[in-house]
Amino acid sequence: MCHRIGALWAYYTLDQVDISADTELLNYLQGDRTLTLHSCGHCGCTTHYVGTDGKPDARVGVNMRMAPRELVESLPARRFDGAETWKWLD
């Protein structure tokens, strides 16, 4: 999924992030039903995803390609291979 939509994910817990939108978000329950993907109702871009397990410390993946470039460039980043090795690359 990440490669196909070109996302640059930043991970937070639910209490660390506040996601707001000027338009309705569209929701898609992923194939194995463990993630709900949210997309902009205007342009269709994936904005974020949330795990469906309901845990209070659940991880939220935020697509930073939707954030202002200045914000993204100011954040520390680590590279992670979530497709094959499931390991940090740094």
Side-chain angles (χ1 to χ4, degrees):
M1 170 191 72
C2 302
H3 174 75
R4 288 182 177 90
I5 65 173
L8 176 61
W9 296 116
Y11 299 102
Y12 302 94
T13 57
L14 288 170
D15 63 339
Q16 293 176 312
V17 67
D18 179 32
I19 297 170
S20 60
D22 293 340
T23 186
E24 181 180 357
L25 294 176
L26 306 174
N27 306 319
Y28 170 73
L29 186 58
Q30 185 209 21
D32 65 1
R33 309 182 79 74
T34 59
L35 298 175
T36 300
L37 297 156
H38 302 272
S39 300
C40 173
H42 179 71
C43 70
C45 291
T46 300
T47 57
H48 66 290
Y49 71 77
V50 180
T52 59
D53 60 12
K55 294 181 181 178
D57 62 344
R59 185 178 290 180
V60 178
V62 178
N63 184 358
M64 296 305 289
R65 300 242 189 256
M66 303 297 290
R69 183 175 296 198
E70 304 80 40
L71 172 64
V72 176
E73 291 172 351
S74 73
L75 297 172
R78 292 183 74 190
R79 292 182 46 134
F80 182 77
D81 179 8
E84 295 180 22
T85 65
W86 209 250
K87 295 180 181 178
W88 293 106
L89 300 175
D90 54 359

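Predicted, not measured: the structure shown is a model, and the values here were computed from it.
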Which class fits the ring pair Trp86 and Phe80: parallel under 30°, tilted 30 to 60°, perpendicular over 60°? perpendicular

Tell me the closest heavy-atom pair linking Thr23 and Gly41, and the distance in Å. CG2-N, 3.9 Å

Which residues share a salt bridge (Lys or Arg N to Asp or Glu O under 4.0 Å) with Asp90, sequence neighbours left out: Arg78

Would a hydrophobic clustering, with Ile, Leu, Val, Met, Phe, Trp and Tyr connected at side-chain separations under 4.5 Å, put Leu71 with Trp9? no

If Ile, Leu, Val, Met, Phe, Trp and Tyr residues are connected whenever their side-chain heavy atoms lie under 4.5 Å apart, and connections chain through other members, are Met66 and Met64 in the same group? no

Chi angles and distances behind the side chain to side chain contact (heavy atoms under 4.5 Å, CB included) call for Gln16, Val60: CA-CA 9 Å; Gln16 293 176 312; Val60 178; over 6 Å; no

Taking atom CH2 as the centre, does Trp88 end up with more than 12 heavy-atom neighbours from other residues, nucleotides or ligands that are less than 6.0 angstrom away? yes

Distance check, rounded to the nearest 0.5 Å: Tyr12 atom OH versus Ile19 atom CD1? 10.0 Å

Determine whether more than 12 heavy atoms belonging to other residues, nucleotides or ligands lie under 6.0 Å from atom CD of Glu24. no

With distance as the sole test, does Ser39 use its side chain to make a donor-acceptor pair with the main-chain N or O of Leu26 at under 3.5 Å? no

If you round to the nearest 0.5 Å, how far is CG of Asp22 from NE2 of His42? 10.0 Å

Nearest heavy-atom pair of Ala67 and Val72: which atoms, and what distance? CB-CG2, 4.0 Å

Quick one: CG on Asn63 to CG on Leu8, what's the gap to the nearest 0.5 Å? 7.0 Å

Partners meeting side chain to side chain donor-acceptor pair (under 3.5 Å) with Thr52 (sequence neighbours left out): none

So which heavy atom on Leu29 is nearest to which on Thr36, and how close? CD1-OG1, 3.6 Å

Atom CG of Leu14 and atom CZ of Arg59: how far apart are they, to the nearest 0.5 Å? 12.0 Å

Where His38 and Val50 come nearest, the two heavy atoms and their spacing: NE2-CG2, 4.1 Å

Do the side chains of Leu35 and Tyr11 join up, straight or via other hydrophobic residues, at under 4.5 Å, putting them in one cluster? yes

Any side-chain heavy atom of Leu25 sitting closer than 4.5 Å to one from His48? yes

